[in-house]
Every structure is written in structure tokens, then in C-alpha cells.
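Only a predicted model underlies this, so the values are computations on that prediction, with no experimental measurement involved. Labels below follow one simple rule: chain letters A, B, ... track the order of the sequence lines, proteins then strands, and each chain is numbered from 1.
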Amino acid sequence: MNTTNPRVRFAPSPTGMLHVGNARTALYNWLFARRAGGVFLLRIEDTDLERSEERYEAQLMEDLRWLGLDWDEGPADADSGEKGEFGPYRQSERLAIYAEHTERLLNEGKAYPCFCTPEELEAERKQAVAGHGPQVYSGRCRTLDQTTIDENLAAGKPFAVRLKIEDHPLRFHDLVRGPVEFAAETVSDPILVRSATGGAGGMSEGIPVYNYVVTVDDALMEITHVIRGDDHISNTPKQVAIYEAFGWPVPEFAHLSTILGADRERLSKRHGATSISTFREMGYLPEALVNYLALLGWGAEDGKTETFTLEELTQAFSLERVTPSPAIFDFDKLNWLNRHYLKQAEPERLATLSWGYFSAQMAGADPAAVHTWFLQLLALFVPAVDHLDQLPATSAPVFGFDAEAARANEENAAVLAADSARTVLSELANRVRAHQGRVAPEAFKEWMNEIKAATGVKGKELFHPVRIAITGAHSGREFDKLLPLIEDGAALGINIPSVRQRIERFVGV
RNA sequence: GGCGCUAUCGUCUAGGGGUUAGGACGUGAGAUUCUCAAUCUUAAAACACGGGUUCGAUUCCCGUUAGCGCUACCA
């Protein structure tokens, strides 16, 4: 095995959205390759013709690119031609290769045709369960004599191709878990190629199965380290047997633990966002997601560092430090990381990423004309969100003011019921009445000082009622930044009520 | 049922035969800002259980339990 120049692959099947679990597998593969100066390749596992869809394949590549995970070899798509010397990189385009290899195995007596029907196999399985024995294929067709085989073939009986499992333990080495061993009698002779029944089996007729093609491809593509989910551990002995049948070297394996939801069950849509594209739509930054995924099952050598750029990760990553135990996906920690990267993001980048969320509020506005103001808005509100799609809700008090709702709100009502609140608001109303035109932030600040002096009310008692009269809520962003934002926005022709209009509506000047 | 994988604070993890079992998220408290948030300080919080091995196990071994995976002519 070539350890100086490792080759690893990410081999998703295009049957759905790229899930965080798979994304983490892709990341670890990529990190391992980049760290070691090796090759990272992308292979599309579309042998499940029924479920594979082209749009998923395109989405997958887009998601990978968004995360910053580029591949050295892989299939052609809209953005680039096929890369690499080991193609094709789509399994559906490699059928002839598999057929050739199946022929070889059959000729060498390492595989055999199996004429058992699904019904027969099902009956065997039921019997095994009833007898508390392992559910393995009996090997009935393994010992068929040539005459019977020829007769069956001549009669046009459909058959699957099975591999003969040798009678010795199947071992492999796992970089995350150490040596793993399976007794031969616990591994059935696996199906390599599905039978062709003449239509009854649907589109998959005669198509080789996953365990077989994955092994052929990994060997032919000279993969040195197979890094994948731990749901493949039980498949690995079958694959090891296939390597052995062909006389190919067995690669190193690294099986990554499952990502679970808060209820300790496999993470699924039920737990909230799980697909990469959803996180993107919600306004998570790719660097936050990458950082979080890296931490989910791996830790820095110092045991302390939490934030890593992709660059830093490639320096620090090693498979030896990957933990074997399953990890629960923690949205709180992801949010913390996202806030961390949001703070560091360039304002212009944030503007580009956020603009789309405000299509309702900014309807009809000229993006160029409101750009500076929009940056101002983001500077004030981005620090208050976990992810960008929360921006419209968090900044809603800027864009509109509902005096009725403000008064009706229970918490507000409690604040407004205080004598001090009434005094403060009437003082405020007096000043608005006496003042002409726009309420300048400087003037407002002066008013607040005057009211404080005149009434003796200060702190919460002073600011909460005023805040309600202007924003409809007793808490929010700092007044000295919020007021100019509202006033500038009102002057810009976006549909934003001015400070004066708000106070007038609320106090009824 | 069979086989396999896993087991340190609520969560992600560091550590490792003798440690005050470390960090981070989250949570509580305090400071601060008009408030909330943010920030800073601080507190509470863990070696699943039972047997070995050993002078000594959270650490090594075995078992139990629990969780998860595979047990397909899915990937």
C-alpha cells in the first residue's frame, strides 16, 4: 500500500440532499488527503437506479463546493469536465468494468451462480430466526454440480452471482477502532450481481450490488484509505473477501461514528435542519459548519482549541484523534460558532448574504441607494442573531410600528401601568409637540436627560416606556444606534415610520 | 435472534494505573451597558454497573446493562 501518497474518496449516492453526517465524512476525507498531500476524489454511487437523481448529484457538488471541499478527481458536471485518470467516476458508467470482473471471478471459481428465488431465501431466513441461529445464506447453490448449472442456464432460470466466502476469519484494520475480526461463519456468501428475471426486478435487473462495486472501484481507483460511516463496519468483511478473491491489497479503513439527534436516535429531519443546503439557506456560514463538523468526533491535540479555519484544520487533523463513539448534534454549539464567524465576517459579505432575506421589507428599494444604510442595519443587528435568516424578525422594530399591538402586549402593559411611565411619556409628548420636524438623535438624547432631571425617573423605568413608544418592545438594540437608523431609513423612502410618527401614534399627540 | 461497534459533566471532548479528572457549548450568579443580547469574572456539573489484574483502577481484562449499526438480489 502506498502510504506516502494516499488516495481517498467520498462516495455518496445521489438519492437525496447532502446530510451533515455525509458532509462530515467528506470533510474528514478531504482533511486527511490535504494533510497528507494525497488525492481526494469524488465518486458517484448511482447503482440504485430507482432512487438516484441527477438533480441530487448537482446539488451534492454545489454543497461540497460551498463548504470549500474541492476534489482532485471526479465526474464532469456543469462547472467542469471529468478530472482524473481513474474514471469514469459514476458507477452507472462503469457497468462494463464490473461485468468483466464478474466474469473473471466466475471463471476462477471464486463466485457462482445462485438460482435460489427470493421466496426460498425468505423461508431460510425465517427458519434461522426461529432456530436462534445466525441469518446466513445456506450456500445451497454453492455446491451445485456443473450439469445442474448448465441445465438451469439452458432453461433460462434467472440467477444471481454470489461470492464464495473462504473459511477463515475476515480481518481488517480500522484507524479509529483498531483491529476488527469477523468469524467466517457469520458472513454469508454475498450477492455480487442481481439476477435478471426479465423485468420482474425492475430497473435493477442484472446490476451489481453496492458491496461489490464499491470494492472493485476502490481497488481500481487505488484507494489507500477508506474513510466512511460506521454503518459500513458490518459490510467490511464482505468487502475484504472480495479484495482477497481478486488478490488485491486490502486498504486501511476508518469508520466514523454516527451523528445522533438530541434523543440519541440517528439524526434526521425530525430533529430540525440536517441538509447542508438548509443550513446555507438559514444563513449559517460555511466556515462555521465546517468548524463544527470537524469538532464533532475529533479534537485538537491540546484538548482546548475550538475555532479552526479550514487551513488550520488541515494542519491539525489526524484520523488517530477521531473518536469512535457516536456524537449528538448540538445546535447550540453550532450557533455559538456561527456567531463567532459572523462577528469576523466582512460587512460587504454579510450584505450580500443577507439581502435576500429582506425582499419584503426592501421591496421597491434601489439596492445601491440603500446600501450604506443596509450596512448600518447589519452592523447593529447581525451581532444579535445566531444565523442570518433571523435578521428580518430581529430587526422588525425598525421597519414598522404598531401602536395598538405595543399597548396590548402583556409585558408592555405591566411597564406602562406604572405612574412613572405615564409621567415620562407625557413629558416626552410635550417635547415632541413643541418640536418641529425630524427628531434628531442629539435632540432626543437631550430630551431624555431633561426628562430624567424633571421627573427623577431613571434607568429601566425611564427607558422602557420610551422604548415601547418607539419600537413596540421594552428591550432591543442600543438607542443611540437604533434612532439614527430609524431616522435615516425613514428619510430614504423605504416604508419606515419616523421617530416622530411613532411617538405621535403611541401617545396620541 | 445472530454478529459487530460504542460507553468521562446535560452536550462535544481532553486525559490516563496514583490528577484538585482539563477545555468548550449550554445553565446559574456577579460586573457592565437604558433594556435584552454581547462581553468579562465566577459557580454548579462527569469517569454506566459488577467482577477481576494490581500496593493502587476512571484508565488494563472479562462480564452485565444501555444505545446504535448490519443481519436485502438498498446504498
Among all residues two or more places apart in sequence or in another chain, which pass the ring-ring contact (aromatic ring centres under 6.0 Å, His included) test with A:W336? none

What contact category does [X] fall into here, base, sugar-phosphate, or nothing, at under 4.0 angstrom with non-hydrogen atoms?
X	value
A:R321	sugar-phosphate
A:C116	base
A:N235	base
A:S195	base
A:G297	sugar-phosphate
A:R339	sugar-phosphate
A:T47	sugar-phosphate
A:R177	sugar-phosphate
A:S188	nothing
A:E45	sugar-phosphate
A:F182	sugar-phosphate
A:E301	nothing

[N] versus [M] - spacing of their [atom1] atoms, nearest Å:
N	M	atom1	answer
B:C49	B:U8	P	11 Å
B:G18	B:A75	P	49 Å
B:A7	B:U64	C1'	13 Å

Verdict with supporting geometry, A:Y284 and A:D386, side-chain hydrogen bond (donor to acceptor under 3.5 Å, both in side chains): CA-CA 8 Å; A:Y284 283 94; A:D386 294 325; over 6 Å; no

Any idea which of [options] is nearest the [X] side chain?
X	options	answer
A:T186	B:C12, B:C3, B:U35	B:C3
A:R51	B:A75, B:C5, B:G10	B:A75
A:W336	B:U35, B:C68, B:G26	B:G26
A:K304	B:U11, B:A24, B:G23	B:G23
A:R266	B:C36, B:C12, B:C70	B:C70
A:F479	B:C34, B:C74, B:A7	B:C34
A:L296	B:U11, B:U6, B:C12	B:C12

Spacing of CG belonging to A:L285 relative to NE2 belonging to A:H387, to within rounding of 0.5 Å: 12.0 Å

Point-to-point distance, once rounded to the nearest 0.5 Å, from NZ of A:K238 to OH of A:Y212: 15.5 Å

Roughly how many Å is it from [atom1] in [X] to [atom2] in [N], rounded to a whole number?
X	N	atom1	atom2	value
A:F329	B:U13	CZ	P	12 Å
A:H255	B:C68	NE2	P	20 Å
A:L192	B:A72	CG	P	16 Å
A:L256	B:C68	CG	C1'	15 Å
A:L295	B:G23	CG	P	16 Å
A:F308	B:A24	CZ	P	14 Å
A:L334	B:A24	CG	C1'	14 Å
A:N335	B:U27	CG	P	11 Å

Compute both the distance and the angle, then confirm whether A:R24 meets the cation-pi test with A:Y28: under 6.0 Å from the six-membered ring centre, within 45 degrees of the axis. yes

Presence of [X] side-chain N/O under 4.0 Å of [N] phosphate oxygens OP1/OP2:
X	N	value
A:R264	B:A7	no
A:S234	B:G4	no
A:R24	B:C12	no
A:R194	B:A75	yes
A:K343	B:U39	yes
A:R125	B:A72	yes

What I want to find out is whether A:D218 reaches A:R228 closely enough, with some N-O distance under 4.0 Å, to be called a salt bridge. no

Would you name the heavy atoms of A:N211 and A:T215 that are closest together and state the gap between them? O-OG1, 2.7 Å

At their closest point, which heavy atom of A:A184 faces which heavy atom of A:I165, and how far apart are they? O-CG2, 4.4 Å

For RNA chain B, the residues among residues 378-388 of chain A that have a non-hydrogen atom under 4.0 Å from it: none

Between A:T258 (side chain only) and A:L260 (backbone N and O only), is there a donor and an acceptor less than 3.5 Å apart? no

Return the nucleotide paired to B:U35: Watson-Crick means purine N1 to pyrimidine N3 with N6-O4 or O6-N4, wobble means G-U with N1-O2 and O6-N3, both under 3.5 Å. none

Could you tell me which nucleotide pairs with B:C55 by Watson-Crick or G-U wobble geometry, both distances under 3.5 Å, or answer none if nothing does? B:G18

Contacts of type side chain to side chain contact (heavy atoms under 4.5 Å, CB included), residue A:R477, not counting sequence neighbours: A:L380, A:F381, A:P383, A:A384

